[in-house]
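Right, one structure below, let's go through it.
In what follows, every chain begins at residue 1, and chains take the letters A, B, ... in the order their sequences are listed.
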Amino acid sequence: MSEISTESAKKFNMDTVANAAITPDVELPWAELGLKQNEFDDVVKVLGRRPTAAELAMYSVMWSEHCSYKSSKNHLRQFGEKVTEEMKKDMLVGIGENAGVTNLGDGWAVTFKIESHNSPTMIEPYQGAATGIGGIVRDIISMGARPVAVMDPLRFGAIDHPDTARVMHGAVAGIGGYGNSLGLPNIGGEMVFDSVYQGNPLVNALAVGVMRHEDIRLANASGKGNKVVLFGARTGGDGIGGASILSSESFDNSKPSKRPAVQVGDPFAEKVLIECCLELFKGSLVEGIQDLGAAGISCATSELASNGDGGMEVELTSVLLRDPTLTPGEILMSESQERMMAVVSPENIAAFEAVMEKWAVEYSWLGEVTDTGRLIIKWDGEVIVDVDPRTVAHDGPVYDRPYARPEWQDALQADTFTGSVQDAARPSTPEELKAAMLELVASPNMCSKDWITNQYDRYVGGNTALAFPDDAGVIRVDEETGLGFAVATDANGRYTFLDPYHGAQLALAEAYRNVATSGAVPMAVSDCLNFGSPEDPDVMWQLAEAIRGLSDACMVLGIPVTGGNVSLYNQTGTTPIHPTPVVAVLGKFDDVARRTPSGWAEDGQAIYLLGTTADDLDGSEWANMRGHLGGLPPAVNLERERELGAILINASRDGMIDSAHDLSEGGLAAALVESALRFNTGARVALDDVAARDGVDVFTLLFSETQGRAIVSVPRSEEVRFNDMCTARNFPLSRIGVVDAAGAALDIQGLFTAELDELRVAHEGTLPKYFG
Amino acid sequence: MSETPLIGGATLAPVDSRLAGARIGVVTFPGTLDDRDAVRAVRLSGATAVELWHADTELADVDAVIIPGGFSYGDYLRAGAISRFAPLMTKIVDAANSDAKLPVLGICNGFQILTEAHLLPGSMIKNDHLKFLCRDQVLRVENNTTAWTNAYAAGEDITIVLKNQDGQYIADEKTLDALEAEGLVAFRYMGGNPNGSRRDIAGISNAAGNVVGLMPHPEHAVEAGYGPGHTGTDGLGFFNSVLNTLLGDK
Amino acid sequence: MPRIVVDVMLKPEILDPQGKAIVGALPRLGFTAFSAVRQGKRFELTVDGEVTEEILAQAREAAETMLSNPVIEDVVNVEVVAD
Amino acid sequence: MPRIVVDVMLKPEILDPQGKAIVGALPRLGFTAFSAVRQGKRFELTVDGEVTEEILAQAREAAETMLSNPVIEDVVNVEVVAD
Ligand SMILES: Nc1ncnc2c1ncn2[C@@H]1O[C@H](COP(=O)(O)OP(=O)(O)O)[C@@H](O)[C@H]1O
Ligand SMILES: [Mg+2]
């Protein structure tokens, strides 16, 4: 940009709308800002002129993959389409808002959402992961809810790769450092090590909030004359990165100052922001509210305006800055953390300011809501943005990216574990089977996650009824009635790699099963779709198949997707990560006192295995430990999952079981060991009858990952009732053992006995060995 | 507009009206986290919880004060360093040192604030392993004569929650010797020192016994199902103790 | 704008857990020349205008009363740096 | 024994939450002379014996690679202090 034509632009050294109108041919750095030629042409078409530098900044961030979902939108539609009326009945707010809201009953509602912060974590693990927690929590606040819990599904590279320790230490400390400081219990997550994530670790963060129905807030700016306010942290150059490409917008030849590529979180500021927002909600002091995440003020203004009466006028010089050298475009793009934008009616201004003063939160009034249908942004009185906010927030480009089943998929699926070279020395003697069990529970993915979870506060708030290492996290919402919820997150990248359609369904099935295992009735789904580049037809096929599979499965299970997030371009060079759709399921408890823990505690209780076992070793942890990945993942049987869920929920409600643990990665072997170590209580188990019934050898029975299974412990007095219930529902069950509190061992009769101490050393030693 | 959740939902009718007359203040600083839990613990003990704000200049006629855990001011600078200068802290320090000997309990960040305010000797630095640690922790009650420990038996072992990043108690040898000699070590860690604290000290009291500070969290062990091991209620003794003190039962 | 630098270190008799971790890690990266490491804090206080004797006195007092905890820390340095 | 002091500060453009909290608290204690505060780290590395050029170079390298996180921090000073 070279010439400044209008008087006003000259006066302010700024690219105004007036200037843009008369200088159509100015070169703009749209390519550097990530726009494609066709996208830039669209911007020009929408505006009827070239964009100003500030407008270009807004469109470029809002039309990015991250904000516009341009590659996934056409597929994500299925989540909204494949829903029945029945599924909608408890959905108070669905997809499209900051987070979905589900009715819990008694006037309570719960909102939850999962998001990714993958690449920031690779660059700076501590801050990347910390700000991931911060961002998702602000999404929850912006719904009008009090955040009450967080979870953190993680994927890192190989456990013994030197860079993994850097990411692991930083990310876990960051999640703890930020989440613990907010007073939000961390109640669960995942930790998977796999070299496919070496250059692309996944840090997904989930937050849950609760509110009364009448407190639900939406992000919209309505009511002409209502004021727009920005509050919280000051705006800095965060997330803009390097020397800004937009420095030219000020037509200023001096060298641009540095812009930080990483955002540093201030958890204290966020904690204060939470309390401050809750006080605003309590006093009904805001008409609409929006958090500032990716795309900062661009996103907040355009979304608030387009979801409301359609107009807003804002003076950008009113924004409080941390860095006074920021240009208007940079201010619009800045991703500084711990900020919120709200719409306040004039009569509430004084009360709003009083809340800010009380919490010592900085704020500035930026402008007001209009009914013009235009978003006008001024810089010292001069118009630098004049757009239809819908075109920024909602009418971004949408692509039908080409996709096709990869050529290699058939060969991959044909390469089964059974009979492979990696399967050559399959354990079969008692000694080998015992060694295999010890090896399994010490393996990177199956070992105890205490090293991680001990760094997280699970108690704060005093309402945590279950947390790690149980199957789901459970939080009490109402202290009087015990009303509460459960959440679990799951994904298996290997299953999804082998078969994206079914792999995504298996993630849903496992999260559903985990929630039901805790005793809660599954109600809603949130998902974070972590994939490679959508411009690679193989990856695009994985994404399309996963979304199709997930949405189909939600229909069968009768629980809707209420929100989520897509993270694309997770790849190193041309090598994508395994497709990793992380699925979170939320369930409801009428009374969390009925929750079921995952471990045995009472001597003499009978242990039952629910479900049958087939040869499902492809994609299993065992195959993974042997370095094999091929074949087909376990069969999906959603009807079976529903029946199992109903049994677990009824049994919990009617007091028929005292513990339950679902079978997933690591199969029966992992579940037995985890149930024993939970409360340090042993058991005597006999497997011959089930193995004979299912026609599998003991190794397969122990290590296969057939779905739709769980083990439960049943008090003697309830055995008849429990048996009758399962039989009446025609669900296969088998009594496989007895809890033996005195034994201090897991005694697999006729095969081997593993002392609890020796299992514990194996299970708990792995993460400390690698990470100190 | 309804109350936001998790701010004291249950309205438990106090069993003993004498107890309900006891007003226990719970201080909230910006960044305090466990204030609601402390309020709940007070309520479960039968007393009346009074919410106090750090910027208040009066103590609202409370009979005792709890400074709860959390990250006041983000633990920035040093844990408790900035909070210590809050207007209400001056009042608390004066009342604790006055003849009335206001009972004051500092839990975790509250303990750190009390040491920064010099109501209790010593200080806390980063855990020796440098990590935040959350775990169920066994403590030995070494001194059951304070305002906050008299409901326990001397030498009793209790299990409550430990969770902090800067929990390593330190003081010079002279101070430590004096604490030991005067019986002012209130709690000691059992089953392994979790953070490098000198002489396994988990909590201490002042000489008068009205001011007690400890790193672990008794307010997280007052309700079966929500505490250590999901069954423990060993923390209730703290709140019962102060009621004993206030009612002159001990 | 001129700044006043305040340096605070843990008292020598207090074991510094962070310094200990660092001194343990240095040799693994080939840095073998150091027998001990201690980690302290450095504060930079910006002054708008000139640093008068009075302002320096204020900085010294802030260093002693707030920026350090005299029970465990020493203020080892207070100095003016120009920009 | 001689020590090498390494001073590390957050890069100026990076948010410093601690400094922000401190600058907010100072005026409440009557310290009104400071318009901004940033908090950094000071490391003291003890050297047994003489500080050679080589050892100083080691300290500089350790400062850049381990004592600071180059993504968000700058090494602002490496110097020898005698005792
Ligand atoms: N990063 C993490 N953060 C919090 N909890 C975790 C994390 N990783 C694993 N966990 C917890 O450890 C336990 C075991 O994890 P996992 O084997 O993945 O459970 P499941 O197979 O039931 O889904 C669960 O309670 C889970 O929530
Ligand atoms: Mg499970």
Which residue, A:D457, A:N180, A:N454, forms the side chain to side chain donor-acceptor pair (under 3.5 Å) with B:K163? A:D457
Quick one: what part of A:D450 sits under 4.5 Å from any heavy atom of chain B, side chain, backbone, both or neither? neither
As an exercise: rank A:A593, A:G107, A:G176, A:S181 by heavy-atom pairs under 4.5 Å with chain B and give me the winner. A:S181
Checking B:R40 side chain against A:G461 main chain: does a donor-acceptor pair fall under 3.5 Å? yes
N/O donor-acceptor pair under 3.5 Å between B:D37 side chain and A:G462 backbone: yes
One should read off an interatomic distance between A:L184 CG and B:L33 CG, to the nearest 0.5 angstrom, of 8.5 Å
What part of A:V272 gets closer than 4.5 Å to chain B, counting heavy atoms only: side chain, backbone, both or neither? side chain
Quick one: OH on A:Y459 to SG on B:C134, what's the gap to the nearest 0.5 Å? 6.0 Å
Among the options B:G31, B:G69, B:A55, pick out the one with the most heavy-atom pairs lying under 4.5 Å from chain A. B:G31
Hey, is CD on A:E764 packed in by over 12 heavy atoms from elsewhere, all under 6.0 Å? yes
With the side chain counted from C-beta on, respond yes when A:R458 and B:H220 share a heavy-atom pair under 4.5 Å apart, and no when they do not. no
With a distance cut-off below 6.0 Å to the six-membered ring centre and an angular limit of 45° from the axis, does A:R595 pair with B:Y226 as a cation-pi contact? yes
For A:E287, all residues meeting salt bridge (charged side-chain N to carboxylate O under 4.0 Å, His left out), sequence neighbours excluded: none
Students often mix this up, so state it plainly: with edges at 30° and 60°, are the rings of A:F268 and B:Y76 parallel, tilted or perpendicular? perpendicular
Ion pair present between A:R476 and B:E223, side-chain N to carboxylate O less than 4.0 angstrom? yes
Hey, what do you get for NE2 (A:H169) to CG (B:L130), rounding to the nearest 0.5 Å? 10.5 Å
Listed partners of A:Y126 passing ring-ring contact (aromatic ring centres under 6.0 Å, His included), at least two apart: none
Can you tell me how far apart CD (A:E275) and OG1 (B:T32) are? Round to the nearest 0.5 Å. 9.5 Å
